[in-house]
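In what follows, chains carry the letters A, B, and so on, assigned in the order in which the sequence lines appear, proteins first and then strands, with residues in each chain numbered from 1.
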Amino acid sequence: MTAIGIRKRDTRMASEGGHGPQTSGEYIQHHLQNLQVCRAENGEWIWNHCAGNPVAINVDSMAISVILGVVFVWLFSRAAKKSSSGSPGKFQAFVEIVVDFIDSSVKDTFHGKSRLIAPLALTIFMWVFLMNLMDLIPVDWLPMAGQLVGVPYLKVVPTTDVNITFGMSIAVFFLVLFYSIRSKGIGGFIGELTLHPIAPPLKGAGLIAAPFIIAFNFILESVALLAKPLSLSLRLFGNMFAGELIFILIALLGLWQLPLHFGWAVFHVLIVTLQAFIFMMLTVVYLTLASEEH
Amino acid sequence: MDINLTLIGQSIAMLVFVWFCMKFIWPPVMKAIEERQTQIANGLAAAERGQQSLDRAKAESGQIVDEARKQATSILDQAHARANEIITDGKKAGAKERERQLVAASAEIEQEANRVREELRGQVSAIAVASAEKILMREIDAKAHEDILSKLAAQL
């Protein structure tokens, strides 16, 4: 499969690379451009001239991530529907291995009772894994196929779009807030934000300093709180974006791309799995921290 | 690279998928896994029980075989004893029979000898009478001299 993709790329590079209309810079730019639709200032919805416009949707990232989410949900719910306690089929066994792996990972970390956290972890793991896995499809296949049917831009790997990773980490962030407030109450949550790490004095002359200390604590703890979703999303985005960029650069190398692409793809299999696991595990850890009693 | 509405779209999509997973995927798969766990545990326990009963049966059969062997040995011993007894009895009976026959034979021989002796005696007495007749050259009344003749015969 990979070989065909590379050959395709080779012929294109041979015909266009040197003296064609597309330079290397344009090639890379084209690969990093999302297919977008946005609302222009005159109120019309337009395609692809959306730089800097916040009322825009990256159609390719959105569509591919939703398709992959549906694939995950469809495959797993099919296995779940058929699942019986008898001897399992191969796919059911695979699903059960994944589920059991997630379940033991979650149980190692999160000791409370929650119906949400384990399925959340499973969804995050499988979904991010599938989105990352799109990185292993040779970089030109889907964009060129898209161009043939009239789609000008197509960014194949949703997790190389910061909107996607940030969207997921924000959902996680709200869950963290929800779990914090549920286990500690609003008062407890505010207390956690303001009374740590320096306990403000409660009586005497120090009382004057208390508001400053509380303000200081609040700034510190807010940064720590907001850093969680930010680091969660940027870690995944950075890894996948860098990996994708290197695939694109390798695709520019002519014949040398054959061994390099193979080597990087093999290495990337590790990154794909590892980043999905890290995203899942950190989500579980954040939710555990949020729901722990102090 | 800009932040845009995709962010919100992705958040919503994620919550929907998580909800679906929580509702329709996780519980049945977990249920199947747990059921199979109990089944396997039960199966292992049953296998354990089966092994135990097999061991018991083996021990029992060993006992039965031992007992049978003991019985066979004792039967064999009994048979030997019986055979010896029979042989001894037979020997005894044989000896007795031999004795009896010996006694009977000797009695018969005695009888025969007596009979022959009697006969001989009779003949001798007849010869004696005949010789006496010849010697005396006269007839002797056998009846009149019966007592003399039988006395003579008794003396022979």
Q: Tell me, for A:Asp103 versus chain B, whether the close heavy atoms (under 4.5 Å) come from the side chain, the backbone, both or neither.
A: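 Both backbone and side chain.
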Q: Ignoring hydrogens, what is the shortest heavy-atom contact between B:Leu15 and A:Ala171? Give both atom names and the distance.
A: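 What the structure gives for the nearest pair is CD2-CB, 4.2 Å.
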Q: For A:Ser65 and B:Phe17, work out which heavy atoms get closest and say how close.
A: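 Heavy atoms only, the tightest pair is O-CE1, 4.5 Å.
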Q: Select, from A:Val172, A:Val66, A:Asn53, the one with the greatest count of heavy-atom pairs under 4.5 Å involving chain B.
A: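 Looking at each option in turn, the highest pair count goes to A:Val66.
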Q: Is A:Gln92 close to chain B through its backbone or its side chain, or both, or neither, when contacts mean heavy atoms under 4.5 Å?
A: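 The side chain, not the backbone.
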Q: To the nearest 0.5 angstrom, please state how far the OG atom of A:Ser169 sits from the CE atom of B:Met14.
A: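 Nearest 0.5 Å value for the OG-CE distance: 8.5 Å.
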Q: With respect to chain B, which residue among A:Leu122, A:Ile102, A:Ile124, A:Asp100 yields the maximal number of heavy-atom pairs within a distance under 4.5 Å?
A: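 Highest number of pairs under 4.5 Å: A:Leu122.
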Q: Measuring from A:Phe76:CZ to B:Phe20:CZ, what's the distance to the nearest 0.5 Å?
A: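 Between atom CZ of A:Phe76 and atom CZ of B:Phe20 there are 12.5 Å.
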Q: Can you tell me which portion of A:Val59 sits under 4.5 Å from chain B's heavy atoms? Options are side chain, backbone, both or neither.
A: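 When you check distances to chain B, no heavy atom of A:Val59 falls under 4.5 Å.
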Q: Tell me, out of A:Lys81, A:Met62, A:Met126, A:Arg78, who's got the most heavy-atom pairs with chain B below 4.5 Å.
A: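 Answer, by heavy-atom pair count under 4.5 Å with chain B: A:Met62.
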Q: Taking the side chain as every heavy atom from C-beta outward, state whether B:Asn4 and A:Ile57 have any atom pair closer than 4.5 Å.
A: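 No, their side chains stay 4.5 Å or more apart.
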Q: Give, as side chain, backbone, both or neither, the part of A:Ala118 having an atom under 4.5 angstrom from any heavy atom of chain B.
A: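 Contact with chain B: backbone and side chain both.
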Q: Taking atom CD of B:Gln52 as the centre, report whether more than 12 heavy atoms of other residues, nucleotides or ligands fall under 6.0 Å from it.
A: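 Count over threshold, so yes.
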Q: Testing the basics here: between B:Cys21 and A:Pro119, what is the closest heavy-atom pair and its distance to 0.1 Å?
A: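 Closest approach of B:Cys21 to A:Pro119, heavy atoms only: SG-O, 3.6 Å.
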Q: Taking the side chain as every heavy atom from C-beta outward, state whether A:Leu120 and B:Met22 have any pair of such atoms under 4.5 Å apart.
A: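 No, too far: nothing below the 4.5 Å cut-off.
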Q: Is it the case that the side chain of B:Thr6 and the backbone of A:Asn163 share a donor-acceptor pair, with hydrogens and angles ignored and the cut-off at 3.5 Å?
A: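 No; zero donor-acceptor contacts below 3.5 Å.
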Q: How far apart are the C-alpha atoms of B:Met30 and A:Val99, what are their side-chain angles, what is the distance that settles it, and do they pass the side chain to side chain contact (heavy atoms under 4.5 Å, CB included) test?
A: CA-CA 8 Å; B:Met30 236 24 221; A:Val99 167; 3.7 Å; yes
Q: Specify the closest pair of heavy atoms between A:Trp127 and B:Gln10, including all atoms of both residues, with the distance to one decimal.
A: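 Distance-wise, the nearest heavy atoms are CH2-NE2, 3.3 Å.
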Q: Just by modelled atom types, is the A:Gly167 backbone N or O under 3.5 Å from a matching donor or acceptor in the B:Ser11 side chain?
A: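 Judged by distance alone, yes, a pair lies under 3.5 Å.
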Q: Just checking B:Glu85: does its CD atom have more than 12 heavy atoms from other residues, nucleotides or ligands closer to it than 6.0 angstrom?
A: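 Enclosed.
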Q: So with a 6.0 Å cut-off around CZ of A:Arg39, is the heavy-atom count from everything else above 12?
A: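 For A:Arg39, atom CZ is not crowded (no more than 12 foreign heavy atoms under 6.0 Å).
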Q: Please name the pair of heavy atoms, one in A:Val95 and one in B:Val29, separated by the smallest distance, quoted to 0.1 Å.
A: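 Closest approach of A:Val95 to B:Val29: CG1-CG2, 4.1 Å.
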Q: Quick check: closest heavy atoms across A:Val73 and B:Ile25, and the distance to 0.1 Å?
A: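 Taking every non-hydrogen atom into account, O-CD1, 3.8 Å.
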Q: So for atom CD, which belongs to A:Gln29, do other residues, nucleotides or ligands contribute more than 12 heavy atoms lying within a distance under 6.0 Å?
A: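 Check fails, neighbour count at 12 or below.
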Q: Begin with the C-alpha distance, continue with both residues' side-chain angles, and end with the deciding distance and a verdict on side chain to side chain contact (heavy atoms under 4.5 Å, CB included) for A:Val162 and B:Ile3.
A: CA-CA 7 Å; A:Val162 76; B:Ile3 296 292; 4.0 Å; yes
Q: Need one label for B:Ile8: side chain, backbone, both or neither, based on atoms under 4.5 Å from any heavy atom in chain A.
A: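 Neither part; nothing is under 4.5 Å.
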